[in-house]
> 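Got a structure here, written out as structure tokens. Questions coming.
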Amino acid sequence: MIDLKLLRDDPDRVRESQRRRGEDPSVVDRLLDADELRRAAETSFAALRGEQNALSKHIGHLQGRLKKAADGEKEQAQAELDAAMAGTSDLAERVRAADARRVAAETDATALLSQLSNVIDPHAPVGGEDDFVLVELVGTPRDFAAEGITVRDHVEIGEALGAIDIERGAKVSGSRFYYLTGIGALLEFALVNHAIALACGNGFTPVIPPALVKPSAMEGTGFLGQASENVYRLEADDMYLVGTAEVPLAAYHSDEILEATSLPRRYVGYSPCFRREAGSGGRDTRGIFRVHWFDKVEMFTYSHPDDAENEHARLLGWEKQYFDSLEIPYRVIDVASGDLGASAARKFDIEAWVPSQERYREVTSTSNCTEFQARRLRIRMRDEDGVRPLATLNGTLVAITRTIVALLENHQQADGSVRVPVALRPYLGGREVLTPL
RNA sequence: GGAGGAUUCGCCUAGUGGCCUAGGGCGCACGCUUGGAAAGCGUGUUGGGGGAAACUCCUCAGGGGUUCGAAUCCCCUAUCCUCCGCCA
């Protein structure tokens, strides 16, 4: 959720942010009204409750005196007590009513507040999915024709290597499922170990988080809003399968206050990711590019708000470093306002070159969620100025399936084998090439 | 899944309906003391809402209830511990 003070002080900024996202700016005005009501209800309740507290205390004193009173004084003390008790029921009734009004006003305001997406970073490009800004182009796609190679896609290559089994994935689990077998399975471990090594070398704490979470964790990270149709829910237990380790890593410190001196806190999580892919229609139906489940190594930082922008650059830097080491051509894009999730103020994607499609496709994504998630999850920091929300950021180091797609296709060779990039070899027992069975 | 027990301000703990709607210890911070330190003494030390401020309200795991009044009584839920059953 956003800062109510910002909403009061500069509602235009929030309205503009909503507009750029293509979301409803009128929520801002309804929330301002609801907030006004909430504060009024709060004030009148506090006044009545104060009255009741004072009276209660007085009654307590009188009862104490009655107990200790000598026989001759008992009648007098009793009379005073009776006088004080007169009207207490009526007061209690008014307190109850005021409290009910307060709770109702609070519920209304909170509901509206939770509808607002994060305030967009003014530097983020405005527009929809196609209005991204190209930040950087790294590497050059190979000229396969010049090499005399007819490009094969990852399904062909992967099946020849005995690395990917899509048919049996469908047999057992349905469409958009797969098995990684043999060298495919080993490839996952190699990619994961390589990623974890990079992260640990940069001060990240490795974490294996739960992939099944309570509604509050899902809600707090902002995935139950417009993204909710893509989330798997286990009805019988009211639990959710996470779509990314971001969820359990963000909720990890929920309801906690961290010392500002302990920031930034960097965690790198390895977890399965489950996505319903509702609304993705018939897109990317071939292969393992878009699947209902995959494993991923995700970076997550709890940061001082003033350092969030720099941390965002660092996360992107580590993502680039990882893809550089895989020797895969890619581009970096600054994602446009309409394509940001509810929590992100700004987002950069790395898109790897996919030879069989002759275009760049998303393989990683890093978001600066500023204080938005932290407010929802009640994660704060304490410094000399007191206690306030901190900033959270996340970034993919490696999403296994899409990286395997890019790896197999970009490093394919004329004889059907696949060259292993140098950085990955130590994690594959020194293998330099993957050969068909 | 069954049976018990627990949950209070960072930690330990007092508190079984009002006369403290939360007391004490440890730790921490500041001050006094000292040549300096320790000890000692004093003060402060959960978080949140409203208010320009004075101040005030909420917060004893969470939610409901009883009552003029609940940390305290009743109900539900969560988490942890012990035992039993099942199990990777």
Side-chain angles (χ1 to χ4, degrees), chain A residues 1-9 31-70 73-74 76-114 208 210-220 234 236-240 248 251-262 272 371 374-390:
Chain A
M1 64 183 79
I2 69 160
D3 186 359
L4 263 178
K5 282 199 190 71
L6 171 69
L7 191 87
R8 285 181 211 144
D9 297 348
L31 180 51
L32 282 170
D33 290 345
D35 182 47
E36 193 86 20
L37 280 174
R38 188 199 114 245
R39 282 146 78 197
E42 168 76 37
T43 303
S44 68
F45 166 75
L48 278 168
R49 191 58 199 247
E51 204 180 309
Q52 189 183 39
N53 284 347
L55 188 54
S56 251
K57 206 164 196 170
H58 181 54
I59 290 170
H61 276 95
L62 291 180
Q63 276 197 333
R65 204 192 303 165
L66 179 60
K67 269 179 212 157
K68 285 182 227 147
E73 294 161 344
K74 277 220 190 304
Q76 168 71 17
Q78 185 64 53
E80 275 185 54
L81 184 57
D82 289 347
M85 291 291 279
T88 49
S89 294
D90 178 58
L91 179 57
E93 194 43 55
R94 282 186 292 146
V95 168
R96 251 193 294 279
D99 192 27
R101 279 194 298 275
R102 182 187 61 118
V103 169
E106 231 164 54
T107 307
D108 286 352
T110 305
L112 285 166
L113 184 58
S114 71
I208 310 288
L212 202 50
V213 300
K214 299 197 280 188
S216 58
M218 216 40 135
E219 175 80 56
L234 303 192
D237 301 284
D238 197 17
M239 297 279 280
Y240 292 89
Y252 186 63
H253 283 303
S254 53
D255 289 306
E256 293 181 25
I257 298 172
L258 308 178
E259 290 303 325
T261 51
S262 74
E371 296 104 297
R375 274 202 197 84
R376 289 188 166 207
L377 292 165
R378 296 163 308 278
I379 308 165
R380 292 159 294 172
M381 59 169 202
R382 189 194 333 263
D383 63 9
E384 57 280 0
D385 295 331
V387 173
R388 65 207 144 103
L390 45 69

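Proteins get letters first, then strands, A, B, ... in listed order; numbering begins at 1 in each.
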> If we take the C1' atom in both B/U72 and B/U7, what is their distance in whole Å?
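Taking atom C1' in both B/U72 and B/U7, they lie 15 Å apart.
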> Quick one: A/Met1 CE to B/G49 C1', roughly how many Å, whole number?
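In whole Å, B/G49 C1' and A/Met1 CE are 14 Å from each other.
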> Please pick, from B/G69, B/C58, B/G47, the nucleotide with the shortest atom-to-atom distance to any side-chain atom of A/Ser56.
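Taking heavy atoms from C-beta onward, the closest nucleotide is B/G69.
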> Round to a whole Å and report the spacing from NZ of A/Lys5 to P of B/G51.
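So the NZ-P distance, A/Lys5 to B/G51, works out to 10 Å.
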> Are the side chains of A/Leu212 and A/Asp237 in contact, using a 4.5 Å heavy-atom criterion?
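Not touching, per the 4.5 Å side-chain cut-off.
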> Taking 4.0 angstrom as the limit, do A/Asp99 and A/Arg96 come out as a salt bridge?
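No, this pair does not count.
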> In the structure shown, which nucleotide is the Watson-Crick or G-U wobble counterpart of B/G35, with both distances under 3.5 Å?
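For B/G35, the partner nucleotide comes out as none, under the 3.5 Å rule.
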> Now, which nucleotide makes the Watson-Crick or G-U wobble pair with B/G85, with each of the two distances under 3.5 Å?
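Matched B/G85 with nothing under the 3.5 Å cut-off.
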> For B/G50 and A/Arg8 - does any side-chain N or O of the residue sit under 4.0 Å from the phosphate oxygens OP1/OP2?
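Checking B/G50 against A/Arg8, a side-chain N or O does come within under 4.0 Å of OP1 or OP2.
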> Given B/G69, is OP1 or OP2 found less than 4.0 Å from the side-chain N or O atoms of A/Asn53?
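No, A/Asn53 has no side-chain N/O under 4.0 Å of OP1/OP2 on B/G69.
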> Among B/C68, B/G49, B/U46, which nucleotide has an atom closest to any side-chain atom of A/Glu42?
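So the side chain of A/Glu42 is nearest to B/G49.
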> How long is the gap from CD on A/Glu256 to CG on A/Leu377, to the nearest 0.5 Å?
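Output value for this atom pair is 11.0 Å.
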> Does A/Glu106 reach a base, just sugar-phosphate, or nothing at all? Heavy atoms under 4.0 Å.
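Result for A/Glu106 = nothing.
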> In whole angstroms, how far is the C1' atom of B/U67 from the CD1 atom of A/Ile59?
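Between C1' of B/U67 and CD1 of A/Ile59: 11 Å.
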> How far, in whole Å, is B/U45 from B/C11 if one measures between their C1' atoms?
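It works out to 14 Å between them.
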> Please state how far atom NZ in A/Lys57 lies from atom P in B/C19, giving the value in whole angstrom units.
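Going from A/Lys57 (NZ) to B/C19 (P), I get 8 Å.
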> Check this one for me: any side-chain N or O of A/Arg39 less than 4.0 Å away from OP1 or OP2 of B/G49?
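Indeed not, no polar side-chain atom of A/Arg39 lies that close.
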> Could you check which nucleotide pairs with B/A29 in any of the strands shown, counting Watson-Crick or G-U wobble with both distances under 3.5 Å?
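Across all strands, the one nucleotide that pairs with B/A29 is B/U43.
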> Does this structure show an ion pair linking A/Asp383 with A/Arg388, if we count only N-O contacts that are shorter than 4.0 Å?
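Yes, this pair counts.
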> Could you measure between the two P atoms, the one in B/A70 and the one in B/C57, and give it in whole Å?
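14 Å, rounded to whole Å.
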> Of the nucleotides B/C68, B/G50, B/G48, which one has an atom closest to the side chain of A/Arg38?
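It is B/G50.
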> Of the candidate nucleotides B/G50, B/G69, B/G47, which contains the atom at the shortest distance from the side chain of A/Arg382?
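Selected nucleotide (nearest to the side chain): B/G47.
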> Tell me: CG of A/Asp255 to C1' of B/A78, nearest whole Å?
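That distance rounds to 13 Å.
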> Going from CZ on A/Arg38 to CG on A/Leu4, what distance comes out if it is rounded to the nearest 0.5 angstrom?
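Going from the CZ atom of A/Arg38 to the CG atom of A/Leu4 covers 6.5 Å.
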> Is the phosphate of B/G47, meaning OP1 or OP2, less than 4.0 Å from a side-chain N or O of A/Arg378?
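No, no such contact exists.
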> Nearest-nucleotide wise, let me know which of A/Glu51 and A/Ala54 is further upstream toward the 5' end of RNA chain B.
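Taking each residue's closest nucleotide, the earlier one in sequence belongs to A/Ala54.
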> Atom CD of A/Glu256 and atom P of B/G48: how far apart are they, to the nearest Å?
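Nearest whole value for this atom pair: 15 Å.
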> Taking atom C1' in both B/G2 and B/C68, what distance in whole Å separates the two?
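It comes out at 43 Å once rounded to the nearest Å.
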> Is there a side-chain contact between A/Arg49 and the phosphate of B/C58, meaning an N or O under 4.0 Å from OP1 or OP2?
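Yes, A/Arg49 has a side-chain N/O under 4.0 Å of OP1/OP2 on B/C58.
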> Between A/Leu55 and A/Ala46, which residue's closest nucleotide on RNA chain B lies nearer the 5′ terminus?
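Of the two residues, A/Leu55 wins.
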> Give the rounded distance in Å between these two atoms: NZ of A/Lys214 and P of B/U77.
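Roughly 15 Å, once rounded to whole Å.
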> Does the structure show a Watson-Crick or G-U wobble partner for B/A78, both distances under 3.5 Å? Name it, or say none.
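Result: B/U7.
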> What nucleotide among B/G49, B/G47, B/G69 has an atom nearest to a side-chain atom of A/Arg96?
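Closest nucleotide among those given: B/G69.
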> Considering every strand shown, what is the Watson-Crick or G-U wobble mate of B/A53 when both distances are under 3.5 Å?
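Matched B/A53 with nothing under the 3.5 Å cut-off.
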> Expressed as a whole number of Å, how far does the P atom of B/U59 sit from that of B/A22?
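Result for the P pair: 11 Å, nearest Å.
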> With rounding to the closest Å, how many angstrom separate the P atoms on B/C80 and B/C28?
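The answer is 31 Å between these two P atoms.
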> Rounded to the nearest Å, what distance is computed from the CD atom of residue A/Glu259 to the C1' atom of nucleotide B/G47?
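Atom CD in A/Glu259 sits about 14 Å away from atom C1' in B/G47.
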> Between A/Asp35 and A/Arg8, does any NZ, NE, NH1 or NH2 come within less than 4.0 Å of an OD or OE carboxylate oxygen?
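Here A/Arg8 pairs with A/Asp35 in a salt bridge, since their nearest N and O are under 4.0 Å apart.
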> Both distances under 3.5 Å, Watson-Crick or G-U wobble: report the partner of B/G18, or none.
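B/G18 is paired, partner B/C68.
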> How long is the span from the CD atom in A/Glu93 to the CG atom in A/Leu48, to the nearest 0.5 Å?
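Going from the CD atom of A/Glu93 to the CG atom of A/Leu48 covers 11.5 Å.
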> Determine the Euclidean distance between corresponding P atoms of B/G24 and B/G36; express it in Å to zero decimal places.
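Result for the P pair: 32 Å, nearest Å.
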